[in-house]
Amino acid sequence: MYVHIGGDYTLSDRFILGIFDLDLTTNGHSETTRYLTAAEESGRLEVVSPELPRSFVVTLDRVYVTPVSVTTLRRRLEAGSAEQPDE
């Protein structure tokens, strides 16, 4: 299943490791801030839209900063899972 994360970006749910709220995880000089800085410096950070970022999605090889909220992304994942037949 694929999940639209904002802008022109759609990701396979098989590669998503986590979805995180920017406001709740990046206060001050947190480990998350250092992680995002390192991802940017290594060319692995993608900003999906010029809109105000609300969350970030960690995949196997990239980090996507998106204006879509964690709640909305979670709903999109759950809605897609409900549409998939059991394997």
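Residue numbers run from 1 in the order of the sequence given.
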Please find the pair of heavy atoms, one from [X] and one from [Y], that lie closest to each other, and give the distance.
X: S55; Y: V68; result: OG-O, 2.5 Å
X: V3; Y: D13; result: CG2-CB, 4.5 Å
X: E51; Y: P67; result: CB-CB, 3.7 Å
X: Y9; Y: H4; result: O-CD2, 3.3 Å

Less than 4.5 Å apart, side chain to side chain, heavy atoms only: is that true for [X] and [Y]?
X: M1; Y: L77; answer: yes
X: L22; Y: L36; answer: yes
X: P53; Y: V65; answer: yes
X: I16; Y: V57; answer: yes
X: V63; Y: Y35; answer: yes
X: T32; Y: R34; answer: no

message: With side chain to side chain contact (heavy atoms under 4.5 Å, CB included) as the test, pick out the partner of I5 among T72, T10, V48.
response: V48

- request: With sequence neighbours excluded, tell me which residues meet side-chain hydrogen bond (donor to acceptor under 3.5 Å, both in side chains) with Y2.
  value: none

field: Partner set under side-chain hydrogen bond (donor to acceptor under 3.5 Å, both in side chains) for T71, not counting sequence neighbours
entry: none

- prompt: What do the steps show when you test V70 against L24 for side-chain contact (heavy atoms from CB on, under 4.5 Å), and what is the final call?
  reply: CA-CA 11 Å; V70 170; L24 296 177; over 6 Å; no

message: For residues I19 and L11: do they belong to one hydrophobic cluster (side chain heavy atoms under 4.5 Å, members Ile, Leu, Val, Met, Phe, Trp, Tyr)?
response: yes

- request: Report the residues that fulfil ring-ring contact (aromatic ring centres under 6.0 Å, His included) with F20, sequence neighbours left out, ordered by chain and then residue number.
  value: F56

R14 and S12: side chain donor to acceptor below 3.5 Å: no

query: Quick one: CG on L17 to CG on L60, what's the gap to the nearest 0.5 Å?
result: 5.0 Å

task: Can you measure from CZ (R62) to CD (E46) and round to the nearest 0.5 angstrom?
output: 4.0 Å

- prompt: So with a 6.0 Å cut-off around CZ of R54, is the heavy-atom count from everything else above 12?
  reply: no

query: Is it the case that more than 12 heavy atoms not belonging to N27 sit under 6.0 Å from its CG atom?
result: yes

- request: Look at E78 together with R75 and state whether they make a salt bridge at an N to O cut-off of under 4.0 Å.
  value: no

